[in-house]
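Single-structure report; data block below.
In what follows, residues are counted from 1 in the order of the sequence shown. Fair warning: this is a prediction, and the values are worked out from it, not measured in the lab.
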Amino acid sequence: MKYETLLDEDVLDFVLATESHYPTGARTLLPDKQREIYNQMCKAFSNGRPKGVVTKDQKIDGIPVRFYAAQASVDIEDHASIIIYFHGGGYVVGNLESHDDVCADICCGTKLGVLAVDYRLAPEHKHPAMFEDAFTVIKYILKNYNLTVILCGDSAGGNLACSITHASRTLESIYNRILGQVLIYPTLDSHPKKGSYIEHQFAPLLTRRDVCRFLKCRIGDKTENVIANLNPLDEKDFSNLPPTVVYTADFDPLRDDGANYCKALKDAGGKAVWINEIGLVHGFLRARHTTKKAKASFQSMLRAFVSLSKKCSNIET
């Protein structure tokens, strides 16, 4: 598939700029070097934090987090609802700095507090380390603060947000305060052998080979068909889950994960909205200031957050 002929000029410019900062070969480097290059790429696309957004760094059971507020108080307890955000990066790269501008823009655009989580990364820390860190944070927040939360993440972070939502169903005191989830081009399936994984196996910025490489980094040589809390689409029970909005990029091997997950939720009687962004590629959050389609998608995400925070019967996107 000749993506260069299918992409809008501004999206193609974004792809080329990304590849200039974070070339495909960087994904085979040693973790520390790969993370350095990835963070520099993220920094190159950052516009910094919007005026009025304030932050506070702290640790929750040893896990670094950063809280963003668009109001006078940067204390979590002064907020009725917050977004808990898990960054993408294939479970291998990314941290509080790589997605600092994303979280700040979400905070500014929604006026909701945003808590970013710096979970442990593979391959040094295999699954379930990153899941355990993510789950530890939400359990701490909902035990110690009287508020509600929306869980969100992009790519690998979308997986963690979704996996936590599923696991929370066994903890009523936590689950009842999850207002919903917003998943941005999430990876949700352990079996990348069909559909968009094949159709877009050579897509810009994320290939099927990348997906398989990241999965191996995360689980090592495990061969079990189902690994607990690894990928939500491996599960059989999709009932009793909160309202969900999933954004996917049409030119992305992960596209069908979002479609299949929303179908599973709706088949189980839940509320789910799948928004497939035509003409966009994996990682388009970083293009939200430079391409028309990514900017429109980001505005839709902001509306979804606000609707979920207000418990709207119809989710506005």
Side-chain angles (χ1 to χ4, degrees), residues 49-50 52-87 96 99-100 102-119 130-154 157-158 160-184 229 232 239-245 265 270-272 301-316:
R49 298 175 187 164
V53 173
V54 291
T55 66
K56 181 179 181 180
D57 288 7
Q58 61 188 85
K59 289 189 176 181
I60 293 177
D61 283 353
I63 303 163
V65 299
R66 177 174 294 162
F67 188 64
Y68 300 75
Q71 59 186 56
S73 175
V74 74
D75 294 321
I76 296 175
E77 60 265 27
D78 293 331
H79 296 253
S81 295
I82 67 170
I83 298 164
I84 300 183
Y85 192 96
F86 303 98
H87 68 79
L96 295 180
H99 286 64
D100 181 77
V102 173
C103 292
D105 281 353
I106 291 173
C107 176
C108 179
T110 63
K111 306 307 178 186
L112 296 169
V114 178
L115 184 74
V117 182
D118 193 13
Y119 55 85
M130 52 287 294
F131 169 82
E132 290 173 346
D133 286 355
F135 206 14
T136 293
V137 169
I138 187 174
K139 286 188 288 188
Y140 179 92
I141 291 296
L142 292 180
K143 178 181 178 181
N144 290 278
Y145 301 103
N146 182 27
L147 47 68
T148 54
V149 300
I150 299 167
L151 299 185
C152 177
D154 68 284
L160 294 176
C162 189
S163 296
I164 291 169
T165 301
H166 281 236
S168 296
R169 289 179 293 182
T170 64
L171 303 172
E172 185 175 345
S173 61
I174 293 177
Y175 176 78
N176 288 338
R177 289 195 280 154
I178 298 177
L179 297 177
Q181 47 183 352
V182 177
L183 311 177
I184 304 167
N229 302 313
S239 63
N240 197 31
L241 289 164
T244 296
V245 185
L265 261 64
K271 180 182 291 186
M301 294 173 195
L302 298 180
R303 292 190 294 271
F305 284 124
V306 173
S307 290
L308 288 170
S309 72
K310 295 179 179 178
K311 302 181 182 179
C312 297
S313 56
N314 293 313
I315 304 171
E316 183 181 355

- Side chains of His166 and Asn229: do they bring a donor and an acceptor to under 3.5 Å? no
- When you measure from the centre of the six-membered ring of Phe135, is the NZ or CZ of Lys139 under 6.0 Å away and within 45° of the axis? yes
- Do Ser81 and Ser309 have side-chain atoms, one donor and one acceptor, less than 3.5 Å apart? no
- Identify the heavy atoms of Ala69 and Cys107 that sit nearest to each other, and give their distance. C-SG, 3.4 Å
- Note on the structure: Between the CD1 atom in Ile82 and the CG atom in Leu115, the distance rounded to the nearest 0.5 Å is 5.0 Å
- Asp105: what forms a side-chain contact (heavy atoms from CB on, under 4.5 Å) with it, not counting sequence neighbours? Pro50, Arg288, His289, Phe298
- Item | Spatial distance of atom OG1 (Thr165) from atom CG (Leu241) [nearest 0.5 Å] | 7.5 Å
- Task: Could you tell me whether the side chain of His79 reaches within less than 4.5 Å of the side chain of Tyr145, counting heavy atoms only?
- Result: no
- Say whether Arg303 and Thr110, considering side chains only, have a donor N or O and an acceptor N or O under 3.5 Å apart. no
- Query: Relative to each other, are the rings of Tyr119 and His87 parallel, tilted or perpendicular (30° and 60° limits)?
  - Reply: parallel
- Item | Backbone N/O of Glu316 and side chain of Ser307: donor-acceptor pair under 3.5 Å | yes
- Item | Atom pair CZ/CD1 of Phe86 and Ile138 - distance to nearest 0.5 Å | 6.5 Å
- Message: How long is the straight-line distance from CD1 of Ile150 back to CZ of Phe305, given to the nearest 0.5 Å?
- Response: 7.0 Å
- Enter the distance from Ile164:CD1 to Ile178:CD1 here, rounded to the nearest 0.5 Å. 8.0 Å
